[in-house]
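Some notes on the structure that comes next.
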Amino acid sequence: MTRFMCMAVLALGTATVGAQSPAPDPRSPIPDLSGTWSTFPGVNASAPLRRASGGTEEIRRLDRAALRGVTAEVPGVQPWTDAPTYKPEHLPKVRELDALQSKTDPVFYCGKPGVPRIGPPRRIVQLPSEIIFFYEDMSGDPYRIVPTDGRPHRADANPSYYGDSVGRWEGSVLVVDVRNFVEDTWFGEKGYFHTDAMRVTERLWRNGENLVWQATVDDPNVLMRPWTLPPRVIRPSDAPLEESPPCREQDGPLLRNNDHHDQR
Amino acid sequence: MQTSRPLALFVFAALAVQPASGHHSTSAIFHDDKRITVTGTLTKVDWINPHIFIFLDGGTGTAVEPWRVQGNPPQWWRNLGVVRADFAKAIGQKVVVEALPSQDGSRYGYLRKITFANGDVLEDARGEGAR
């Protein structure tokens with residue numbers, strides 16, 4: 001099984017599964033990305049809930065309409081692959097981390113996912129000189145302030161989980177350059193470790209009423225070449241942001257095997 | 001190499017429902033193929049990540065002992081319209097819990113169904129087909 005997984009990592013690392021689509025018109029005015037955006041379902045997302053109350057019964061399932069727009073052509077999408085391509089000398093470490101994910105993944109133990117693993121923001125507030133990203137995450141509810149007025153990266157910032165961000169507009173696409181990371185995070189759940197040389201480029205744009213988010217990871221210390229993740233199309237949401245419940249992992253000592261399910 | 005469009009769309013769609021948080025599988029700690037029924041008094045509800053916990057004084061037989069039952073993540077309940085208060089309103093009342101038993105034999109389970117004293121039911125209905 002482990003051998004199969006390793007082969008899969010190698011194979012997927014070289015297979016392009018996404019093609020570039022026509023970019024949004026660069027003459028377009030700067031769009032407003034502000035809004036509240038859908039979260040992705042939690043663990044066991046496919047499990048329905050049966051609720052019986054007062055003599056009535058209903059089955060509740062997650063809103064499949066969350067898929068709306070996903071299968072449509074999305075202008076501006078960059079070519080992506082399913083997995084990064086690590087330098088050969090780092091593959092054993094990736095394989096080991098992946099195989100032992102339920103014991104080694106910091107996110108399993110309430111760790112911060114960092115960028116890009118946290119994914120697209122849950123809420124965006126767009127101001128003239130900066131854009132603020134808000135998130136809901138079980139490790140806490142981080143925010144990021146992304147200057148868009150030409151300010152450079154901070155020279156005095158400490159390395160952090162979510163890095164130091166600087167944004168710019170390329171036509172109607174917000175491009176965010178993120179750097180100055182700690183090395184504690186994985187940039188993907190399959191043991192995708194990185195060094196403090198990692199840089200992430202996020203691209204966000206509107207596709208109709210939806211938001212599109214796509215990220216590229218580069219770490220020349222461990223990757224053969226930059227890795228562009230599959231894009232995510234996120235629909236607007238009416239659900240208000242809520243403070244995430246505290247995270248207290250209690251099962252680590254009880255694990256009998258390495259079974260786990262994917263997360264992000 | 002570029003794959004066919006159908007594959008690209010499948011990958012895209014799969015990612016759209018990718019969970020935002022996750023954990024070990026229930027099979028890493030619990031018996032996925034067994035169920036126990038614990039009857040007792042609900043004493044506490046911890047609405048925490050990565051999984052909620054409920055506590056009750058009761059048992060699978062006549063003995064009354066403290067039990068701990070883990071449930072799906074708060075985000076799963078929230079997405080399906082259930083909040084902590086739906087459980088907490090029953091604190092001090094009798095509940096019947098169906099759960100996967102812990103592999104270590106301790107008084108610990110994974111919540112599949114809870115029936116409250118007034119007959120209300122909340123159930124993780126995976127595998128229940130079209131019911």
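Just so it is clear, the structure is predicted and the values come from calculations on it, not from any experiment. Just so it is clear: chains get the letters A, B, ... in the order the sequence lines come, proteins before strands, and each one is counted from 1.
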Original post:
Between B/E123 and A/E57, is any pair of side-chain heavy atoms under 4.5 Å apart?
Top reply: no

**OP:** Identify which part of B/F116 has an atom lying under 4.5 Å from any heavy atom of chain A, answering side chain, backbone, both or neither.
**Re:** neither

**OP:** Select one option (side chain, backbone, both, neither) describing which atoms of B/D46 are under 4.5 Å from chain A's heavy atoms.
**Re:** side chain

Original post:
Are B/R68 and A/Q250 side-chain neighbours, meaning at least one heavy-atom pair lies under 4.5 Å?
Top reply: yes

Original post:
Tell me, do A/S244 and B/N49 make a side-chain contact under 4.5 Å, heavy atoms counted?
Top reply: yes

Original post:
Less than 4.5 Å apart, any side-chain heavy atom of B/V121 and any of A/R51?
Top reply: no

Subject >> Between A/G54, A/S53, A/A52, the one whose heavy-atom pairs under 4.5 Å with chain B are most numerous >> reply: A/A52

Subject >> Within 6.0 Å of CD in A/E96, more than 12 heavy atoms from elsewhere >> reply: no

Subject >> Within-4.5 Å side-chain heavy-atom neighbours: B/V82 and A/L49 >> reply: yes

Original post:
Looking only at atom types and distance, does a side-chain atom of B/W76 sit under 3.5 Å from a main-chain N or O of A/A47, one as donor and one as acceptor?
Top reply: yes

Original post:
Atom CD1 in B/I48, atom CZ in A/R248: separation rounded to 0.5 Å?
Top reply: 4.5 Å

Original post:
Within residues 88-108 of chain B, which positions have a heavy-atom distance to chain A below 4.5 Å?
Top reply: B/Q103, B/D104, B/Y108

Original post:
Is there a side-chain contact between A/E242 and B/R78, using heavy atoms and a 4.5 Å cut-off?
Top reply: yes

**OP:** Give a yes or no answer on whether the side chain of A/R50 reaches the backbone of B/A125 with a donor-acceptor pair at less than 3.5 Å.
**Re:** no

